[in-house]
Amino acid sequence: MNGSSTNGQPLTGERGVTFFTLFTTTGTLLCCALPIILVTLGLGTTVVAMTSAFPFLITLTQHKIWIFAFSGLMLAVSGWLMFRPGRQCPADEELGRACNNAHKWNRRIYWTSVAIWGVGFFAAYLLLPIRIWLDV
């Protein structure tokens, strides 16, 4: 079978893990980065309105270490699945083209997830100390 199903979709779970990684890294933006960035821009009342409308954001923020750790682990697993040695697409021309196309989109989604995670990490853990250090 060489790692793909009869309809050209990879059986490795790479696509599912990649989308799940995008979902978890987006959670880091919602819980941690967005409120901090809004407060930094002077939009504290917007944060109050958001937490009133979506009270689960407070719970997510209280557990941000676990959220960042889990999403970072998911990024590592997704990266390993995509860039591991020995990853092959089928020899059949049509299946190979579908596999390469799926892998191209998985890479795009993966690097988008890495960028989202990086922005979230910067806002949640580095922005305030840098702001205090610069006395802004």
Side-chain angles (χ1 to χ4, degrees):
M1 280 198 86
N2 200 15
S4 72
S5 67
T6 57
N7 65 359
Q9 296 299 321
L11 291 177
T12 61
E14 181 181 311
R15 186 174 71 175
V17 170
T18 303
F19 278 110
F20 187 65
T21 301
L22 180 63
F23 174 72
T24 58
T25 56
T26 303
T28 63
L29 279 182
L30 291 176
C31 87
C32 311
L34 187 62
I36 291 170
I37 291 171
L38 290 174
V39 168
T40 301
L41 294 174
L43 300 170
T45 54
T46 305
V47 176
V48 171
M50 280 176 37
T51 55
S52 296
F54 307 109
F56 68 89
L57 291 176
I58 295 170
T59 305
L60 287 177
T61 303
Q62 291 171 341
H63 301 290
K64 73 179 178 179
I65 292 173
W66 290 106
I67 292 170
F68 275 97
F70 180 71
S71 61
L73 177 68
M74 289 302 301
L75 280 172
V77 168
S78 181
W80 179 79
L81 283 173
M82 261 193 303
F83 301 113
R84 70 186 181 274
R87 186 196 162 283
Q88 298 179 26
C89 283
D92 178 44
E93 185 178 329
E94 185 178 331
L95 293 177
R97 192 175 316 116
C99 177
N100 286 331
N101 191 33
H103 187 65
K104 177 176 66 172
W105 278 100
N106 282 342
R107 283 193 315 263
R108 289 175 181 169
I109 293 169
Y110 175 76
W111 289 114
T112 301
S113 298
V114 168
I116 290 170
W117 192 88
V119 167
F121 185 84
F122 178 79
Y125 292 105
L126 301 175
L127 187 61
L128 185 59
I130 291 172
R131 189 170 178 203
I132 291 171
W133 181 63
L134 292 174
D135 197 30
V136 177

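Basis for what follows: all heavy atoms, side chains included, without hydrogens, waters or symmetry-related copies.
We find the NZ-CD1 distance between K104 and I109 to be 12.0 Å, quoted to the nearest 0.5 Å. Going from atom CG of D92 over to atom CZ of R97 covers 9.0 Å, rounded to the nearest 0.5 Å. Rounded to the nearest 0.5 angstrom, L81 CG and N106 CG are separated by 9.5 Å. To the nearest 0.5 Å, atoms CG (L75) and CH2 (W111) are separated by 9.5 Å.
No continuous path of hydrophobic side-chain contacts links I132 to I130 [ILVMFWY only; heavy atoms under 4.5 Å]. Tracing side-chain contacts under 4.5 Å through hydrophobic residues (I, L, V, M, F, W, Y), one reaches L43 starting from L57; they form part of the same cluster. In terms of hydrophobic clustering, with Ile, Leu, Val, Met, Phe, Trp and Tyr side chains grouped at heavy-atom distances under 4.5 Å, L134 and L126 are assigned to a common cluster. Hydrophobic clustering, with ILVMFWY side chains joined whenever heavy atoms are under 4.5 angstrom apart, groups F56 together with I67. Hydrophobic clustering keeps W66 apart from I116 (ILVMFWY residues linked when any side-chain heavy atoms are closer than 4.5 Å, directly or through intermediates).
What you find for R107 and M82 is that their closest heavy atoms are N-SD, 3.5 Å. Across every non-hydrogen atom of T51 and V48, the tightest pair is OG1-O, 3.0 Å.
The neighbour count for F54 CZ, taken as heavy atoms of other residues, nucleotides or ligands under 6.0 Å away, does not exceed 12.
The closest side-chain heavy-atom distance from T25 to M74 is not below 4.5 Å. Side-chain contact between C99 and P90 is present, with at least one heavy-atom pair separated by less than 4.5 Å. Using a 4.5 Å heavy-atom threshold, the side chains of I65 and Y125 count as touching.
Note on ring orientation: taking the six-membered ring where Trp is involved, the planes of F83 and Y110 are perpendicular (angle over 60°, cut-offs 30° and 60°). Taking the six-membered ring for Trp and thresholds of 30 and 60 degrees, F121 and W117 have nearly parallel ring planes, at less than 30 degrees apart.
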TODO: Given side-chain contact (heavy atoms from CB on, under 4.5 Å), test F122 with V119 step by step and report yes or no.
DONE: CA-CA 5 Å; F122 178 79; V119 167; 5.8 Å; no
